[in-house]
Every structure is written in C-alpha cells, then in structure tokens.
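This report concerns only the one structure given below.
Counting begins at 1 with the first residue of the sequence. All of these numbers come straight from a predicted model, not from anything done at the bench.
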Amino acid sequence: MSLSKTVLITGAGGFIGHHIVREFAKHNWTVYALIHRQLPEELKQLSNVHIIQGSMTAPDIMSQITTAMGDGPK
C-alpha cells in the first residue's frame, strides 16, 4: 500500500522555511507552502510545491488551507 506524503509548511518564504520546503520536495513529498509575502524563485519551479498565500493570524486561513489541500469547501 502506498501512502501519499503531504506536508503543510508555514513560514515557507522565510530563511529556514524555504530550506525545509526544498528538502521535503526533494524527497518527493507534496508540499503546501504557506507564505506571508513571497516564495523564493527557486521553489516556484518545483512541481510538487503548492503555494498558499496568507497569514496564520487571518481569520479565514484554515478555510483557505483546507480548500487548497482539497479537504475544504469548494
């Protein structure tokens, strides 16, 4: 049985966060990257990285995340 490897990384546009995104993507994980401002250009090229722009302090952020990941209201 093959399990899907999916991860949500907050702070993906930061110094540490973008390195974490790159490592997960390199190991064939599907990555949902929550960014507040801008994702580094090198990560935009990765087909298994999906960008969610927003802030963890936004009232509707969980709805945005679950919709982007395919588990929320459409």
| query | Mind checking what makes side-chain contact (heavy atoms from CB on, under 4.5 Å) contact with S55, not counting sequence neighbours? | reply | H36, T57
Between atom [atom1] of [X] and atom [atom2] of [Y], what is the distance when rounded to the nearest 0.5 Å?
X   : Y   : atom1 : atom2 : answer
H18 : I16 : NE2   : CD1   : 10.5 Å
L46 : W29 : CG    : CH2   : 16.0 Å
L8  : I65 : CG    : CD1   : 5.0 Å
Y32 : N48 : OH    : CG    : 10.5 Å
I35 : I51 : CD1   : CD1   : 5.5 Å
H50 : T6  : NE2   : OG1   : 8.0 Å

To check you understand the geometry: which heavy-atom pair defines the closest contact between [X] and [Y], and what is its length?
X   : Y   : answer
A25 : V31 : N-CG2, 3.9 Å
A33 : V49 : CB-CG1, 4.2 Å
S63 : T66 : O-OG1, 3.2 Å
Q53 : R37 : NE2-O, 2.8 Å
I61 : G54 : CD1-CA, 4.1 Å

| message | Closer than 3.5 angstrom, by distance alone: can the side chain of T67 be matched with the main-chain N or O of Q64 as a donor-acceptor pair? | response | no
| field | Check: V21 main-chain N/O paired with K26 side-chain donor or acceptor under 3.5 Å | value | no
| task | Would you indicate whether the side-chain heavy atoms of K5 and T30 approach each other to under 4.5 Å? | result | no
